[in-house]
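Shown next, in structure tokens, is the structure this report addresses.
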Amino acid sequence: MAENTTTASNFVQNAIDEDLKNGKYGEGIHTRFPPEPNGYLHIGHAKSICLNFGLAKNNAGLCNLRFDDTNPTKEDVEYVDSIQEDVKWLGFSWDDRMFYASDYFEQLYAYAVELIKRGKAYVCDLSAEEIRQYRGTLTEPGRECPDRSRTVEENLALFEQMRKGDFADGSRVLRAKIDMTSPNIVMRDPVIYRISHTVHHRTGDAWCIYPMYDFAHPLSDAIEGITHSVCTLEFEDHRPLYDWLLESLGFASDSRPRQIEFARLNITNTVMSKRKLRQLVEGGYVSGWDDPRMPTISGLRRRGYTPESIRDFCDRIGIAKSNSLVDVGMLEHCVREDLNESADRIMAVLHPLKIVITNYPEDKEENLLAENHPYRGGQRYVPFARELYIEQDDFMEEAPKKFFRLKPGGEVRLKHAYIIKCEEVIKDEAGQIVELHCTYDPDSKSGGLTSGRKVKGTLHWVAAKYALTAEVRLYDYLLKTEEQEEEPADFLAALNPESLEVIENALIEPSAAWTAAGTRYQFLRQGYFCVDKDSAKGQLVFNRIVGLRDSWAKAKKE
RNA sequence: UGGGGUAUCGCCAAGUUGGUAAGGCACGGGAUUCUGAAUCCCGCAUUCGUUGGUUCGAGUCCAGCUACCCCAGCCA
């Protein structure tokens, strides 16, 4: 298991090393995780969280949590709450450094005024449509807005009126005065403030003008003393603007924050855009942002993923600038590895096949000692009796040569119990197998002196009389059948039809019920399961995380 | 004949100032096993998108191609 020693070298760390070596940022480094509270965090955000908090930790620095809440039309407190919960759950702490871009609205306004005073910003009266036309295209330069030559005084007055609410939404904007002919479209006098008479989830109606990301972000970073502003690749074109703003407002180049971009996470068969995830939630395709099929942190949590496994995953995939598509198998490997280490094992049967041990006294019952974990120890008692259930798949009447499980005349070990032999197959009139009559070897009891006898297969089982029913939810949590380009409509159509929630009942050994909800279990052979905390009310609910790789299942396919 | 990026094994990803290709996932083989799991060994790029060049020597330097990603929100 990864000790989360993010020692893996990456170019961001290299850049930090370089800066540290050159004596830049003598106070130590400072990063931030800046989500917009417009949806729930997903596994892609986890990559950024692990990176930013990890860099801080590994370099004796600090990492802030900052809500980038500059667009009130999309944001909500529900999201700021869930984001905090998810970051905490992942195991990271921002201590007392939780901020909101909206905390800086007043300062940001002052910076905008300063920019105007320096002749580097102006109020533009063009409509959104006109601005687009004036902007030019990818291959043609833009044209200057007629308002570009307004005097500082005019701009100051107009901007103040904007703030006071004298103008309607969309009627005017504040723009940075840079270069309409720049080959980089971002630099063609970008809008830095817009008018929006919208109630903000935190500032209410105090403001009717809101700063754009491009303006708020570098300044928020600077205000917080951020040294390394790590973001994703699509902002590379924005870096010149980031630097231009700080430069224009007089932040010294040797101490101001520096933007570094890395590639965002993509996982095979996984829907990773907030927009699409929102469609799934709002369209009722899933039960919510925390539906166990969702790649959200909260969905993975309900699915039984541990924070450790997600951090480990983020460590393993690395940080680079090339667009990559990580195999979902990597994520699954990480949970398997973690749960193999940490999860107690219990026995359960999904599709029961009754077994009668004919030479076991009818009134006899035993409590057999069972290991909770192969090497971490812990023990429990499991009731054993004459009538048991095993998994239907664990018996084959006409078995191929390499079938290690129960077959007529064959022997098999019942885990923690005895070796049994199948003597007779009982069928109904329709020829369906109803039950198996077996005999057991009393000398083969697990842990006993003569328990060393070897048989090829080991089965899990549950005593018929004491078996408890548990709800098992089997999910195919992959939401896409295959990689494909999807427009919204096609995207929904491309959902894996098998990604429906399947609920079955499993028979579980009674000892499982002794443990409090929230404990993670591994079902023998069936795969990893865990108690669903949210639904464990009187009844145990298990989610399948991912099945064990079963070479028998593989062989069966061939 | 816009700008910005990226190209190293099936999938991720290290590769310091050029010195002769880490690691993980997946996969294959063997040992072991009261989970056909786990564990343990062993194997898995003469080659770094491509073509040339510089050099005793290049994934690392130079030039030219090619492919893919991002940008024309008053979103972030």
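Letters A, B, ... are given to chains in the order of the sequence lines, protein chains preceding strands, and every chain is numbered from 1. Computed from a prediction, not measured in an experiment: that's the story for all the values here.
- Paired with Ile420(A) under the rule side-chain contact (heavy atoms from CB on, under 4.5 Å), one option of Val455(A), Ile355(A), Ile390(A) passes, and it is Ile355(A).
- Closest to the side chain of Lys321(A), from the set U6(B), C74(B), C12(B), is U6(B).
- Distance alone, capped at 3.5 Å, is enough to place a donor-acceptor pair between the Asp69(A) side chain and the Ser102(A) backbone.
- Remark: the separation of the C1' atoms in G49(B) and A7(B) is 6 Å, to the nearest Å.
- Between the C1' atoms of A26(B) and C69(B), the separation comes to 26 Å (whole Å).
- Going from atom CG of Asn10(A) over to atom C1' of A22(B) covers 16 Å, rounded to whole Å.
- At a cut-off of 3.5 angstrom, counting only N and O atoms as typed in the model, there is no donor on one side facing an acceptor on the other between the side-chain of Asn184(A) and the base of G4(B).
- An OP1 or OP2 oxygen of G3(B) is reached within less than 4.0 angstrom by no side-chain nitrogen or oxygen of Ser182(A).
- With rounding to whole Å, Phe215(A) atom CZ is found 13 Å from A76(B) atom P.
- One P atom belongs to U33(B), the other to C40(B), and the distance between them is 16 Å to the nearest Å.
- Using a 4.0 Å heavy-atom distance criterion, Pro35(A) is classed as making no nucleic acid contact.
- Listed nucleotides A38(B), C74(B), G2(B) differ in distance to Asn340(A); the shortest reach to its side chain belongs to A38(B).
- Checked by atom type and distance alone, the side chain of Arg188(A) pairs as donor or acceptor with a backbone atom of Ser182(A) at under 3.5 Å.
- Between the Lys120(A) side chain and the Ala176(A) main chain, no donor and acceptor come within less than 3.5 Å of each other.
- Residue contacts for Met347(A): at a heavy-atom cut-off of 4.0 Å it reaches no nucleic acid atom on any strand shown.
- Taking a cutoff of 4.0 Å between a charged side-chain nitrogen and a carboxylate oxygen, Glu224(A) and Arg32(A) do not qualify as a salt bridge.
- With both ends at atom P, the span from A58(B) to U20(B) equals 12 Å, rounded to whole Å.
- Here the nucleotide nearest the side chain of Pro183(A), chosen from G3(B), A72(B), C74(B), is G3(B).
- In the set A13(B), C74(B), A72(B), A72(B) carries the atom at the smallest distance from any side-chain atom of Ile185(A).
- Lys445(A) forms no cation-pi arrangement with Tyr418(A), by the criterion of a distance under 6.0 Å to the ring centre and an angle within 45° of the ring axis.
- Not one side-chain nitrogen or oxygen of Arg175(A) sits closer than 4.0 Å to the OP1 or OP2 atom of C74(B).
- Residue-level contact check: Val191(A) touches the backbone only, with heavy atoms under 4.0 Å from sugar-phosphate atoms and none from bases.
- Atoms CE (Met330(A)) and P (G24(B)) sit 11 Å apart, rounded to a whole Å.
- Under the ring pair (Phe, Tyr, Trp, His ring centres under 6.0 Å) test applied with Tyr210(A), the options Phe105(A), Tyr109(A), Phe215(A) reduce to a single match, Phe105(A).
- Remark: Glu234(A) engages Arg264(A) in a salt bridge, criterion side-chain N to carboxylate O under 4.0 Å.
- Of the candidate nucleotides A14(B), G24(B), C12(B), A14(B) has the atom lying nearest to any side-chain atom of Ala320(A).
- Relative to the side chain of Glu36(A), the nucleotides C74(B), G5(B), A76(B) differ in distance, and A76(B) lies closest.
- Residue Asn14(A) has a polar side-chain atom (N or O) positioned under 4.0 Å from OP1 or OP2 of G15(B).
- No contact: Ile192(A) has no heavy atom under 4.0 Å from any strand.
- Relative to the side chain of Ser9(A), the nucleotides A14(B), U33(B), A76(B) differ in distance, and A14(B) lies closest.
- G59(B) and C48(B) have their C1' atoms separated by 5 Å, given to the nearest Å.
- OP1 or OP2 of C11(B) has not a single side-chain nitrogen or oxygen of Thr268(A) nearer than 4.0 Å.
- Straight-line distance between the P atoms of U16(B) and A21(B): roughly 14 Å, to the nearest whole Å.
- Rounding to whole angstrom units, CZ of residue Arg311(A) and P of G24(B) are separated by 22 Å.
- Within the 4.0 angstrom heavy-atom criterion, base atoms lie near Phe235(A).
- Panel note: side chain Asn266(A), backbone Ser324(A); a donor-acceptor pair is recorded below 3.5 Å.
- In G73(B) the base sits syn relative to the sugar, since the glycosidic angle is no further than 90° from 0.
- A gap of 30 Å separates the C1' atoms of U51(B) and C44(B), to the nearest Å.
- Rounded to whole Å, the distance from CZ on Arg405(A) to P on A37(B) is 11 Å.
- With pairs defined as Watson-Crick or G-U wobble and both atom distances under 3.5 Å, the stems of at least three pairs that touch RNA chain B come out as B:2-7 with B:66-71, B:10-12 with B:23-25, B:27-31 with B:39-43, B:49-53 with B:61-65.
- Residue contacts for His217(A): at a heavy-atom cut-off of 4.0 Å it reaches no nucleic acid atom on any strand shown.
- Salt-bridge check for Glu509(A) with Arg380(A): passed, with a basic side-chain N closer than 4.0 Å to an acidic carboxylate O.
- Contact annotation: Arg336(A) does not reach the phosphate of U39(B) (side-chain N/O to OP1 or OP2, under 4.0 Å).
- Side-chain N/O atoms of Thr70(A) include one lying less than 4.0 angstrom from OP1 or OP2 on A76(B).
- A sub-4.0 Å separation between OP1 or OP2 of G5(B) and a side-chain N or O of Arg239(A) is absent.
- Of the candidates C69(B), G2(B), C74(B), the closest approach to any side-chain atom of Asn323(A) belongs to C69(B).
- Between the P atoms of G23(B) and G64(B), the separation comes to 36 Å (whole Å).
- The CG atom of Asn71(A) sits 8 Å away from the C1' atom of A76(B) (whole-angstrom rounding).
- The residue among Arg132(A) and Asp237(A) whose nearest nucleotide of RNA chain B is located toward the 5' end is Asp237(A).
- Going from atom CD1 of Ile131(A) over to atom P of A72(B) covers 14 Å, rounded to whole Å.
- When the nucleotides C12(B), A76(B), G2(B) are ranked by their closest atom to the side chain of Leu138(A), G2(B) comes out on top.
- For the OP1/OP2 pair of G73(B) and a distance below 4.0 Å, the side-chain nitrogens and oxygens of Arg135(A) include at least one atom meeting the criterion.
- One interatomic measurement links the two molecules: CD of Gln522(A) to C1' of U39(B), which rounds to 14 Å at whole-angstrom precision.
- Thr181(A) pairs by the side chain to side chain donor-acceptor pair (under 3.5 Å) definition with Asp179(A), not counting sequence neighbours.
- Distance from the side chain of Glu236(A) is smallest for G4(B) among the nucleotides C74(B), G4(B), A76(B).
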